[in-house]
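The shown structure was predicted, so the numbers you read here are calculated from the model rather than taken from an experiment.
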Amino acid sequence: MKIYQGEEYYVDDNVYLGEVAIEVALKPAGQAWVDVQFTYDINGILHVSVENEMGERRQILLANQALTAEELERYTKEMEKTMLPPIEQPANREIHIYY
């Protein structure tokens, strides 16, 4: 999956950012799917997460060129914490509801 930035009609007229590869189930056209999530933060980091229907997940970070490797690693860890849906956050896994 190639990732571009822009609003031009032809994809080649937009800015190429990167790509991520993931296996797609061999099914008839229109029946296979992947879930793609884009998260962009104020530091100029675009986090792209792709998950296929078999549960395989691939991720790529496309970073602002001005960031150092240490800054990128720190921002990545911070972003991973906030990207979990509330039910998957460690603090919420121990919640038990009794009727």
Side-chain angles (χ1 to χ4, degrees):
M1 176 176 298
K2 294 182 180 181
I3 302 158
Y4 289 85
Q5 175 184 355
E7 299 179 8
E8 297 299 326
Y9 184 79
Y10 295 105
V11 71
D12 289 337
D13 293 337
N14 293 289
V15 178
Y16 174 77
L17 299 176
E19 62 184 68
V20 60
I22 192 164
E23 185 178 338
V24 178
L26 190 57
K27 291 184 174 183
Q31 293 184 8
W33 59 269
V34 294
D35 180 40
V36 182
Q37 295 180 356
F38 296 93
T39 306
Y40 186 74
D41 72 6
I42 62 172
N43 300 305
I45 300 173
L46 175 64
H47 182 268
V48 181
S49 176
V50 182
E51 185 174 352
N52 64 16
E53 57 189 304
M54 287 110 36
E56 181 182 9
R57 187 175 199 159
R58 296 281 189 262
Q59 299 180 31
I60 185 172
L61 286 175
L62 303 167
N64 180 326
Q65 300 299 327
L67 296 176
T68 66
E70 293 80 20
E71 289 173 322
L72 181 58
E73 184 176 340
R74 184 181 51 161
Y75 292 140
T76 302
K77 289 178 183 177
E78 289 174 11
M79 189 179 298
E80 286 173 355
K81 292 178 195 174
T82 61
M83 288 184 58
L84 287 176
I87 194 69
E88 293 182 18
Q89 293 177 0
N92 295 333
R93 289 186 183 175
E94 298 300 320
I95 295 175
H96 300 282
I97 300 174
Y98 299 98
Y99 294 96

#### Entry: Glu7 CD to Asn14 CG distance, which is reported to the nearest 0.5 Å
8.5 Å
### Query
Between Glu23 and Met54, which heavy-atom pair has the shortest distance, and what is it?
O-CE, 4.0 Å
## Note on the structure
Separation between CG (Leu46) and CD (Gln5), nearest 0.5 Å, reads 8.5 Å
#### Entry: Steps toward side-chain contact (heavy atoms from CB on, under 4.5 Å) verdict (His47, Gln37)
CA-CA 8 Å; His47 182 268; Gln37 295 180 356; over 6 Å; no
### Within 6.0 angstrom of Lys2 NZ, more than 12 heavy atoms from elsewhere
no
#### Entry: Validation row: Asn52, Val24 side chains within 4.5 angstrom (heavy atoms)
no
### Query
Any Lys/Arg nitrogen of Glu51 or Arg58 sitting under 4.0 Å from an Asp/Glu carboxylate oxygen of the other?
no
### Message
Test of understanding: clusters of I, L, V, M, F, W, Y form through side-chain heavy atoms closer than 4.5 Å, transitively. Do Val20 and Leu17 belong to the same one?
### Response
yes
### CZ/Phe38: more than 12 non-hydrogen atoms of other groups inside 6.0 Å
yes
### Message
Using a 4.5 Å cut-off between side-chain heavy atoms of Ile, Leu, Val, Met, Phe, Trp and Tyr, which other residues end up in the same hydrophobic cluster as Val11?
### Response
Tyr4, Tyr16
### Query
If you take all heavy atoms of Ala32 and Ala25, which pair is closest and at what distance?
CB-O, 3.6 Å
### Query
Hey, what do you get for CD (Glu56) to CD1 (Ile22), rounding to the nearest 0.5 Å?
5.0 Å
### Task
Show your working on side-chain contact (heavy atoms from CB on, under 4.5 Å) between Val36 and Met1 and close with a plain yes or no.
CA-CA 10 Å; Val36 182; Met1 176 176 298; 3.6 Å; yes
### Message
With side-chain contact (heavy atoms from CB on, under 4.5 Å) as the criterion, how do Leu62 and Ile3 come out once you've worked through the C-alpha distance, each side chain's angles and the decisive distance to 0.1 Å?
### Response
CA-CA 10 Å; Leu62 303 167; Ile3 302 158; 4.2 Å; yes
